[in-house]
Protein chains: 2
Amino acid sequence: MIDEIDQNILEALLQDSRVSLKELARRVGLSAPSVAERVRRLEERGVIRGFTIEIDPKALGYQLQAIVRVKPLPGMLHVVQKLIEDTAEFCECDKVTGDDCFVVRLHVRSIDQLDHILDRIADKAQTSTAIVKSQPIKRRPPGIGQRKETPGRVS
Amino acid sequence: MIDEIDQNILEALLQDSRVSLKELARRVGLSAPSVAERVRRLEERGVIRGFTIEIDPKALGYQLQAIVRVKPLPGMLHVVQKLIEDTAEFCECDKVTGDDCFVVRLHVRSIDQLDHILDRIADKAQTSTAIVKSQPIKRRPPGIGQRKETPGRVS
DNA sequence: ATGTTCTGGTCGATCTCGTCGATCATTTTT
DNA sequence: AAAAATGATCGACGAGATCGACCAGAACAT
């Protein structure tokens with residue numbers, strides 16, 4: 001379904017989504033219209049969810065990053081979720097299995113601000129905060145690129 | 001340091017990083033060369049870390065997402081970190097404060113594969129796995145856009 | 001105050017790039 | 001084996017990016 005050329009296209013766009021179609025075509029060894037059509041179809045099929053930029057939070061003054069596990073008190077789930085969604089500093093929120101209900105990522109300017117934000121949900125949920133010290137892997141997509149994939153166990 | 005026009009540029013590029021400079025210029029009310037210069041400087045200053053695409057892991061066959069807390073056994077920290085970095089399915093890794101050392105995000109094709117991957121670090125670290133059920137917030141940058149920011153407490 | 005410099009903008013010309021229609025080759029279907 | 005569908009190329013034309021020249025306003029020094 002996704003051939004090698006598509007993979008090359010995806011990799012190139014991951015590195016620089018503003019690359020010209022002409023250059024992209026040169027890299028994957030096709031003509032510009034062909035590669036344009038392939039990109040269009042990757043979008044259409046939902047493989048490419050969007051073209052975007054990566055912004056450095058630090059450059060915007062957000063010096064601190066935290067990962068917080070959030071366990072809403074009984075009956076508070078939706079209230080907590082809404083509060084999280086409506087607070088700009090929550091930049092990622094995953095609803096997960098297990099004892100904790102949410103795992104969220106927070107970008108803040110200071111410890112003070114972190115404390116202040118968490119105070120606001122303190123009476124609605126139990127939280128467990130971990131400050132991010134470094135990011136050995138910043139963010140990468142699964143399964144494309146030269147890293148070899150790990151096969152599933154043959155069951 | 002970052003004025004309103006820059007914010008508008010960032011927002012527009014977040015939504016579509018392939019927008020033409022002409023269109024971008026029209027939206028923020030400047031000429032094309034001006035906006036080109038602003039984008040160049042946002043890049044130069046490191047505010048824009050890169051132009052990229054968002055890929056849907058599901059479209060590539062990665063049906064499952066998990067968040068795993070990893071606590072390496074004594075002396076195993078670097079081994080564990082290297083193993084994580086070298087495994088394609090680990091798509092995000094944060095080194096954090098607290099009892100757990102790493103918080104990682106995994107994309108896998110099946111529970112089998114998840115089990116297989118975690119088996120490989122089972123003798124080097126304690127892990128605590130949470131399967132992602134949904135993502136109320138998929139990913140957004142902090143502090144730009146119309147969501148109001150939460151101020152830090154005045155101390 | 002006033003002249004200077006620096007920053008950040010516009011305009012217009014030129015060159016590059018994207019897109020569209022026509023066409024062709026290859027593979028799949030019947 | 002003929003036909004249809006897929007996916008590519010080519011060339012032309014319109015749209016976009018870029019570059020140099022030039023201009024306005026703020027900050028600064030004299």
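Excluded from the calculations below are hydrogen atoms, water molecules and symmetry mates; all remaining heavy atoms, backbone and side chain alike, are included. In this text the structure is predicted, and so the values were computed from the model without any measurement. Within every chain, numbering begins at 1; the chains are lettered A, B, ... in the order of the sequence lines, protein sequences first and strands thereafter.
Close approach of DNA chain D to chain B, defined as any atom under 4.0 Å from a non-hydrogen atom of the protein, starts and stops at D:dG16 to D:dC19.
A:Ser34 places no side-chain N or O within donor-acceptor distance of the main-chain N or O of A:Leu30, the cut-off being under 3.5 Å. Judged by distance alone, the side chain of A:Arg105 and the main-chain N or O of A:Gln65 form no donor-acceptor pair under 3.5 Å. A:Asp100 places no side-chain N or O within donor-acceptor distance of the main-chain N or O of A:Phe102, the cut-off being under 3.5 Å.
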I would like to know whether B:Ser17 and A:Thr52 meet side chain to side chain donor-acceptor pair (under 3.5 Å); could you show each step before the answer? CA-CA 5 Å; B:Ser17 64; A:Thr52 186; over 6 Å; no
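Each salt bridge (charged side-chain N to carboxylate O under 4.0 Å, His left out) pair with one or both residues in residues 25-36 of chain A, not counting sequence neighbours, appears once here: A:Glu23-A:Arg26, A:Glu23-A:Arg27.
Looking at B:Asp6 and B:Arg45, a side-chain N of the basic residue comes within less than 4.0 Å of a carboxylate O on the acidic one, giving a salt bridge.
You'll find the side chain of A:Pro142 stays beyond 4.5 Å of the side chain of B:Phe90, heavy atoms only.
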Footprint string (nucleotides 13-18 of chain C, 5' to 3'): B base within contact, S backbone only, - free, heavy atoms under 4.0 Å: ----SS
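Partners of B:Gln15 under the side chain to side chain contact (heavy atoms under 4.5 Å, CB included) rule, at least two apart in sequence or in another chain, do not exist in this structure.
The 12-atom threshold is not exceeded at NZ of B:Lys82, counting heavy atoms of other residues, nucleotides or ligands nearer than 6.0 Å.
When A:Val28, A:Leu21, A:Ile9, A:Leu10 are each tested for a side-chain contact (heavy atoms from CB on, under 4.5 Å) with A:Arg38, only one passes: A:Ile9.
In this model, no donor atom of one side chain and acceptor atom of the other lie less than 3.5 Å apart for A:Gln63 and A:Arg109. Looking only at atom types and distance, the side chain of A:Gln7 has no donor-acceptor partner in the side chain of A:Glu11 under 3.5 Å away.
Taking five base pairs at each end of the helix from C:dA1-D:dT30 to C:dT30-D:dA1, the local helix axes there meet at an angle of 30°, rounded to 10°.
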What nitrogen or oxygen pairs link the protein and nucleotides 6-9 of chain C at under 3.5 Å?
{"from": "C:dG8", "atom 1": "OP2", "to": "B:Arg41", "atom 2": "NH1", "distance (Å)": "2.6"}
{"from": "C:dG9", "atom 1": "OP1", "to": "B:Arg38", "atom 2": "NE", "distance (Å)": "2.9"}
{"from": "C:dG9", "atom 1": "OP1", "to": "B:Arg38", "atom 2": "NH2", "distance (Å)": "2.6"}

